[in-house]
Amino acid sequence: MPQLIYRLSEINATHVAEAGGKGASLGELIQAKAPVPPGFVVSSCAFREYFFQGEPKRAVVDVIHRLNANQLSLAQARAEIQSCLEEVCFPEPLEVAVRQATDEMQLKRVSVRSSATCEDSATSAWAGQLETWLDVSPDEITKRIRDCWLSLFSESALAYGATHGYASGEIAVAVVVQQMVASEISGIGFSVHPVTQEPDIQLIEACLGLGEAIVSGRIVPDQFIVQRDSCQILESIIGEQKEALWLGDGNTKPVWQELEGRGSQPKISTSQVTEYAGILARLHDHYGHPIDTEWAIENGNFQILQARPITTLAAEYDQSLFDQSLEWHFCVRRPFFLLAASILPYWMDARHADHTLGTHLNEALLIQDETGMMNLFSSQKSADEFLDRIGYLFQNDRDEIIRILRYGLGIYAQGPAVIEQGVSGFADLTELEDFFADVAQHTTVFPAWLLTYIELHQIDDPEVRSLAEQIRSHSLYPVIERKLLQPLAKQTAERLGFSQPDRACDLVLWSELKQGLVTRELLETRVQSIDSGERYIFQLLDGQESFHLVSQTGYLLTRLAKQRQSLPVGDSNELTGQAAWPGIFRGRARVVLSLDSQGFSVQADEVLVSIQSNPALLPLMKTCGAIVTDDGGIACHAAILARELKKPTLIGTGRATKMIQDGDLIEVDTYAQVVRILESTQ
């Protein structure tokens, strides 16, 4: 006879198959000596033995097969499954075991929570998909256990299961029955920041009332950025919480109540933040990997309600992929392929740049984002030196400015003929590199920084401005790429017998090409990495290159932009919010004011704009290109699901559904933490 009931103190992280992700995690928390409310788990064996077996299981399997074959809608599948299972009675042996465990542990009011056997795993969180019941009396526990079992077959859970490839029968549901915590204050704690993925940074959120208010996305919680080792609070924002979730008398579901001004005050003290940061650090060390926790405060004491792996971190999140000791200055984002991008730093190095720019750039960082675009950073020190040089020329040698600009115009007169000769027109690749540097400095770098300086200091010099703008209105780069770089890379790949020579420009570095280091094996290896979705990071420091192909780069761009928290609202055509998953996406807005996806559809080239997140919106989140919400914090459902779906998402904008109309052309830019309204339908 399989074991039907486990005390939480009897299990640990190895008992996922029996207790589900939530139950096993609570048991492991007890093993870690965390403050956890007492309780027990109705095992997954009970689900399989008494509820999901025989003819009901076969009928459900058939429905799920037809759903996965697109022969049924989610609503039809749910209705058929409910019909299959509604006659299955709660088994008497299990009812006796539940009553005995409740009496032995003297549980008076409990929470009853679903715990799927693949929930809170290293690959999926099942955030908000299954049922939870609160403040349940002992005589109602068995009814709520059955409800938890049935929640596995809700529309949103069926959609989520299909997304993660779970075939019918591969998942079961355990149920956690636990002493009810009537939370005065609740919150979330990430042992590693889930967006910037800084290994030594914790993120703690807090709200009044029950923590479901945070994950619902309906409120903006308090937020604390904490250094793990020291537990020092680095940044904090007090959310304007207008309402909270509280348990009413006799209710198994919480009720929203207005806070009448109380929500504008800090929800927890700095000493409590520090205390929880210490608990979080200890649990991180115990588990040995980054975790996402839920907590509550009752009678002044912390209670840990859940811990699970953070499922969306990059494989390389804790690696040093570039020099983070430098203060990096963002320069430009452009659609350069790898070969063209990797030569950029050599256009402004000590060998080329001193004469024209008066300084040189020996530090450069290039990061490819998820759209394939290249983001170029220089050191802030070098950027300041460029601007100082231009300021010096304006004050002491304006004629030199005019000379440099006229030289740049001269390049446009002579350059096309030089380029037209192709690679054979140059003695060697060093001479070709020198030509690139000459073009770059005089037609891009100098006039661009000059215009920046003019705007910063409001310089009134029509001649200089006109010459600089005239130069910047042209570009030789497309011709250089088409006539010089692409043929050079393609010919090299063809000579090596590479099967896709037209893609060589996306696979090799300038230094590799120049030094004859390109091999067929290198090309084959990189094309496989890029086809699997990897992006590049290239750094040049004092002549030393480093190059990586990695699974994610968006979090690094977010980290460089120091985007740990929300920014204040700026331009009237922009909304600011907090990045839940990094990226840039442009598309027409699909405004959905409902909390249910029924009757709505969103296309892959559209942006889902909603008031808040809700698991029922998952079908729309799966198909859209990006997500924007009015409300929510970093731990709300929209944030969690966006990180799993890896879609650019900005949450907590406050007024997206008011400002954005259905059909507006908008741009979601999580790196700038803004949503831009580019074209209004009105």
Side-chain angles (χ1 to χ4, degrees), residues 193-197 217 220 237 312 314 328-336 341 365-377 452 535 537 552-591 602-610 613 621 624-634 636 638-639 641-643 645-661 663-681:
H193 196 292
V195 179
T196 64
Q197 302 189 24
V220 178
I237 289 179
T312 53
W328 292 103
H329 169 84
F330 174 74
C331 296
V332 70
R333 179 175 180 263
R334 291 289 185 269
F336 281 128
L365 174 63
L366 291 77
I367 300 179
Q368 187 183 33
D369 63 33
E370 74 292 334
T371 68
M373 300 280 272
M374 181 277 300
N375 297 262
L376 172 64
F377 298 82
T452 298
R535 300 296 182 185
I537 300 170
Q552 296 178 28
T553 56
Y555 72 96
L556 295 172
L557 294 168
T558 307
R559 197 184 289 181
L560 284 165
K562 299 179 174 63
Q563 293 172 2
R564 292 171 174 163
Q565 295 182 314
S566 300
L567 298 173
V569 175
D571 187 273
S572 60
N573 285 324
E574 292 185 352
L575 298 95
T576 61
Q578 184 165 21
W581 186 259
I584 296 175
F585 187 89
R586 181 179 294 191
R588 295 289 175 181
R590 188 73 170 96
V591 180
V602 178
Q603 304 303 312
D605 59 354
E606 294 180 322
V607 179
L608 173 63
V609 181
S610 64
S613 62
M621 297 173 72
C624 71
I627 302 161
V628 177
T629 71
D630 285 356
D631 297 322
I634 206 69
C636 73
L641 295 173
R643 289 193 285 274
L645 294 169
K646 295 181 170 52
K647 298 200 173 182
T649 300
L650 210 69
I651 55 177
T653 64
R655 54 198 182 115
T657 58
K658 296 177 182 176
M659 282 188 61
I660 299 171
Q661 303 297 313
D664 285 357
L665 180 63
I666 64 176
E667 182 176 68
V668 181
D669 183 349
T670 70
Y671 303 121
Q673 288 185 267
V674 299
V675 180
R676 303 181 181 95
I677 303 175
L678 305 177
E679 179 183 298
S680 177
T681 56

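Just so you know, residue 1 is the first one in the sequence shown, and it goes up from there.
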Exercise. Measure the shortest side-chain to side-chain distance between Thr312 and Trp581 over non-hydrogen atoms and say whether it is less than 4.5 angstrom.
Key: yes
Self-check item: For Pro194 against Gln197, the heavy-atom pair lying closest together
Solution: O-CG, 3.9 Å
Exercise. List for me each residue that meets salt bridge (charged side-chain N to carboxylate O under 4.0 Å, His left out) alongside Glu667, sequence neighbours excluded, and say none if there are none.
Key: Arg586, Arg676
Quiz item: Does the side-chain contact (heavy atoms from CB on, under 4.5 Å) test come out yes or no for Leu365 and Ile537, once each step is laid out?
Solution: CA-CA 7 Å; Leu365 174 63; Ile537 300 170; 4.1 Å; yes
Practice problem: Take Thr653 and Met659 through the test side-chain contact (heavy atoms from CB on, under 4.5 Å) and record every step on the way to the result. | Solution: CA-CA 10 Å; Thr653 64; Met659 282 188 61; over 6 Å; no
Self-check item: Backbone of Ile677 reached by a side-chain donor or acceptor of Asn573 within 3.5 Å
Solution: no
Quiz item: Where do Gly583 and Thr670 come nearest, in terms of heavy atoms and distance?
Solution: N-OG1, 2.8 Å
Quiz prompt | Atom pair CG/CH2 of Leu556 and Trp328 - distance to nearest 0.5 Å | solution = 12.5 Å
Practice problem: Let me see the working for Phe330 and Leu560 under side-chain contact (heavy atoms from CB on, under 4.5 Å), right down to the final yes or no. | Solution: CA-CA 9 Å; Phe330 174 74; Leu560 284 165; over 6 Å; no
Quiz item: Do Gln673 side-chain atoms and Gly577 backbone N/O form a donor-acceptor pair below 3.5 Å?
Solution: yes
Practice problem: Taking only Lys NZ, Arg NE, NH1 and NH2, and the carboxylate oxygens of Asp or Glu, determine whether Glu370 and Lys647 approach each other closer than 4.0 Å. | Solution: no
Practice problem: Could you pull out all residues at least two apart from Arg535 that satisfy side-chain contact (heavy atoms from CB on, under 4.5 Å)? | Solution: Gln368, Thr553
Exercise. Kindly give the heavy-atom pair with the smallest separation between Glu606 and Phe585, and that separation in Å.
Key: O-CE2, 4.0 Å
Quiz prompt | Backbone N/O of Asp605 and side chain of Arg588: donor-acceptor pair under 3.5 Å | solution = no
Practice problem: Please report the shortest heavy-atom distance between Tyr555 and Ala314, naming the atom on each side. | Solution: CE2-CB, 3.4 Å
Quiz item: What pair of heavy atoms forms the shortest contact from Ala589 to Val609, and how long is it?
Solution: CB-CG2, 4.1 Å
Self-check item: Distance, nearest 0.5 Å, that separates CZ of Phe377 from CG of Leu557
Solution: 5.0 Å
Self-check item: Value rounded to 0.5 Å, distance of CG in Leu608 from CD in Gln603
Solution: 12.5 Å
Quiz item: Are any side-chain N or O atoms of Thr657 and backbone N or O atoms of Ser610, one a donor and one an acceptor, separated by less than 3.5 Å?
Solution: no
Quiz item: Of all residues at least two apart in sequence or in a different chain, which pass the side-chain hydrogen bond (donor to acceptor under 3.5 Å, both in side chains) check with Thr681?
Solution: Asp664
Exercise. For residues Val668 and Leu650, report the shortest heavy-atom separation together with the two atoms involved.
Key: CG1-CB, 4.4 Å
Practice problem: Please lay out, stage by stage, how Gln552 and Lys646 fare under the test side-chain contact (heavy atoms from CB on, under 4.5 Å). | Solution: CA-CA 10 Å; Gln552 296 178 28; Lys646 295 181 170 52; 4.1 Å; yes
Quiz prompt | Value rounded to 0.5 Å, distance of CE in Met373 from CZ in Arg334 | solution = 7.5 Å
Quiz item: Okay, side chain of Gln578, backbone of Arg564: is any donor-acceptor separation there less than 3.5 Å?
Solution: yes
